[in-house]
Each structure stands twice: as C-alpha cells, then as structure tokens.
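Input: a single structure, listed below in structure tokens.
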Amino acid sequence: MAQSDFLYPENPKRRQEVNRLHQELLDCLSDSFHATNKLIGVLNTHLGCTLPSIEMKRDRTIKENCDIIIQSMMNIQKELQKVDEALKDKLEPTLYRKLQDIKERETEKIAIVQKVISVILGEATSAASAVAVKLVGSNITTGIINKLVTVLAQIGASLLGSIGVAVLGLGIDMIFRAILGAVEKTQLQAAIKSYEKHLVEFKSASEKYHHAITEVTNTVKHQMK
C-alpha cells in the first residue's frame, strides 16, 4: 500500500476505477479507429478517394490519438464535400433538392445520382451511387461525424488528454503516477468524474457513428449482389 493510502484510504479503490475507465476509453478509441478505416475503405473503393488509413499509436497520448481521428474525419468530410459540389453542379436544381429531401425514397435518390455519377468519377457503379446517397449531405456527415469530432476534441482538451495510451500496460500504480503528473493526488476523484463524463458522451457518439458506417457498408453489399 502506498504511504498516501493511510491518509486517503479510498485511493486504492479509486485507482482501480481509474484503471477500468481508462480501458473503456481505450476500447472506444480503438473502435473509432477501426470504424473510420472501414469508412475510408468504402470511400477509396467506391468514390475514388485516396484517403490513408489510420492507426492507433500506443506510444502517444490520448489527445494525440484523438487528433489523428479528428484529422482523418476532416479529410473525409472534405472529400464528401467535393462529391456534393459535383452533384450540385451536374444535376438539375430540382433533382439535387430531392437528394436533400429526407422524405424522398432512397431508391429514387440512388437512381438520380446514377445519372451523373459516372461523369463525376469517370467510372461508377450502383454501389458508388448508394455510397454517395448515404454519405453526401446526409446526417452522417452533418451530424454524426461532427458530434464525434466535438467529443474527441473535448477529451483531448481535458485532463485525460495528457495521459499516455500505453500506460495501462504498466499497471495500476503507473496509471496513478501518470495522472499525478497532471493533477494532485487529492484530485483523483476528479479524474474519475472526467472519465465517466467523457465516456458517456463518447460511447453515445461512437455508437451512432459505428451504426451509420455499418448501414453504409450493408447498403454497398446489397448493391453489389
């Protein structure tokens, strides 16, 4: 038992809780890297993008890893914006407005995009049209991705941001010491609250993000049958 534990008898339990929450945060972060790479794969394959895949860096801080995902998402949004602008340029205004109409059937939207997607990409398939419909100007880009970017930025800016990703493998005491590098030992409870707060927001945004990407990949599979 650490000497300070005699003064703060709840610290051992708090350290264990920090350890558990740290692992939960890393799991969510890892899932977001995986989901983003799936989205990148879809865009590169069907919309002719050349986005690089991303990798979680175990020797970096949580903030640095959050920044990697944020930058990748910004690049994804730029590519989708290019496709959106091309569709707006090639389609008649009435047809373009139909793409933005949430009441319009998805099959109709795909048929509209199919009319011009080959001109935009040089070569295209129904899968490419489906990807464009699912991603361009949809809630995935305007809402879900933006929300996840906001949450990741908040995590990076919090006291958690300076904690290393790989610190977990060094044991609970090392995590405790890593946190002590940023906060006083009497603020360990504040660290737990910060983890809990950000995890609730991160899990919610991450689940919506994963669901949206799964929906896109399922649509592609259906179009390629």
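Computed from a predicted structure; not experimentally measured. Hydrogens, waters and symmetry mates play no part in the numbers below; they use all other heavy atoms, side chains included.
Checked by atom type, the side-chain pair Q81/E85 shows a donor-acceptor distance below 3.5 Å. Remark: the D27 side chain and the Q23 side chain contain an N/O donor-acceptor pair separated by less than 3.5 Å.
Note on M74: it clusters hydrophobically with I69, by side-chain heavy-atom contacts below 4.5 Å among ILVMFWY residues.
Taken from NZ in K203 to SG in C28, the straight-line distance is 5.5 Å, to the nearest 0.5 Å. Interatomic distance, CG of N218 versus CD1 of I213, reported as 12.0 Å (0.5 Å rounding). In this structure, N37 CG and S72 OG are separated by 7.0 Å, a value rounded to the nearest 0.5 Å. Separation of atoms CD1 (I68) and NZ (K63) is listed at 11.0 Å; rounding is to 0.5 Å. Taking NE2 of H34 as the start and OG of S53 as the end, the distance is 12.5 Å to the nearest 0.5 Å. Atom NE2 of residue H22 and atom CG of residue L199 lie 11.0 Å apart, to the nearest 0.5 angstrom.
Between A128 and I117, the shortest heavy-atom contact is CB-CG1, 4.5 Å. Closest non-hydrogen pair, S32 versus L148, comes out as OG-CD2, 4.3 Å. What you find for I110 and S126 is that their closest heavy atoms are CG2-O, 4.4 Å. Nearest heavy-atom pair across Y209 and I145 is CE1-CG1, 3.9 Å. The shortest heavy-atom contact between I70 and A153 is CD1-N, 3.7 Å. Scanning both residues, A132 and V113, for their nearest heavy atoms gives CB-CG1, 4.1 Å.
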| query | Between H198 and Q154, is a side chain to side chain contact (heavy atoms under 4.5 Å, CB included) present by the stated rule, with each step listed? | reply | CA-CA 8 Å; H198 291 299; Q154 289 172 345; 4.2 Å; yes
| task | Would you sort out whether L135 and V216 count as a side chain to side chain contact (heavy atoms under 4.5 Å, CB included), showing the intermediate values? | result | CA-CA 8 Å; L135 294 175; V216 172; 3.8 Å; yes
| request: Output, in order, the C-alpha distance, side-chain angles, deciding distance and verdict of salt bridge (charged side-chain N to carboxylate O under 4.0 Å, His left out) for E79 and K82. | output: CA-CA 5 Å; E79 291 297 321; K82 290 178 185 177; 3.4 Å; yes
| message | Checking L47 against L80 for the side chain to side chain contact (heavy atoms under 4.5 Å, CB included) test, could you report, in this order, the C-alpha distance in whole Å, the side-chain angles of both residues, the deciding distance, and whether it holds? | response | CA-CA 9 Å; L47 294 186; L80 293 175; 4.3 Å; yes
| message | N75 vs Q71, test: side chain to side chain donor-acceptor pair (under 3.5 Å). Steps then yes/no. | response | CA-CA 6 Å; N75 292 338; Q71 184 58 54; 3.2 Å; yes
| request: Using the salt bridge (charged side-chain N to carboxylate O under 4.0 Å, His left out) rule, take R97 and D101 through it: C-alpha gap first, then chi angles, then the decisive distance, then the call. | output: CA-CA 6 Å; R97 283 195 294 271; D101 188 352; over 6 Å; no
| field | Verdict with supporting geometry, L25 and L21, side chain to side chain contact (heavy atoms under 4.5 Å, CB included) | value | CA-CA 6 Å; L25 184 65; L21 293 170; over 6 Å; no
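Side chain of N65 to backbone of M56: no donor-acceptor contact under 3.5 angstrom is found. Of the possible donor and acceptor atoms, none in the side chain of S30 sits under 3.5 Å from a partner among the backbone N and O of L26.
Under the 4.5 Å side-chain criterion, counting only non-hydrogen atoms from C-beta, I62 is in contact with C66. Contact of the E55 side chain with the F33 side chain is not registered, since no non-hydrogen atoms from C-beta on lie closer than 4.5 Å. Annotation: side chain of H210 is not in contact with side chain of K38 (no heavy-atom distance under 4.5 Å). Side-chain contact between H46 and S129 is absent, with no heavy-atom pair separated by less than 4.5 Å. Within the 4.5 Å cutoff, the side chain of L152 has no heavy atoms near those of the V149 side chain. Counting only heavy atoms from C-beta outward, the side chains of I112 and Y96 never approach each other to under 4.5 Å. Contact annotation: the side chain of T45 never approaches that of V131 to less than 4.5 Å [non-hydrogen atoms, C-beta and beyond]. In this structure, the side chains of K115 and K90 stay at 4.5 Å or more apart for every pair of heavy atoms.
Around atom CD of E104, more than 12 heavy atoms belonging to other residues, nucleotides or ligands sit under 6.0 Å away.
Of the listed residues (K221, K208, K134), just one forms a salt bridge (charged side-chain N to carboxylate O under 4.0 Å, His left out) with E215, and that residue is K134.
For the pair K57 and E64, the salt-bridge criterion is not met [side-chain N within less than 4.0 Å of a carboxylate O]. Under 4.0 Å is where a charged nitrogen must lie from a carboxylate oxygen, and between K88 and D84 no such pair does. Contact check on K193 versus E196 returns no salt bridge, with no Lys/Arg side-chain nitrogen under 4.0 Å from an Asp/Glu carboxylate oxygen. A salt bridge is defined here as a Lys NZ or Arg NE, NH1 or NH2 lying under 4.0 Å from an Asp or Glu carboxylate O, and K147 with E201 fails to meet this definition.
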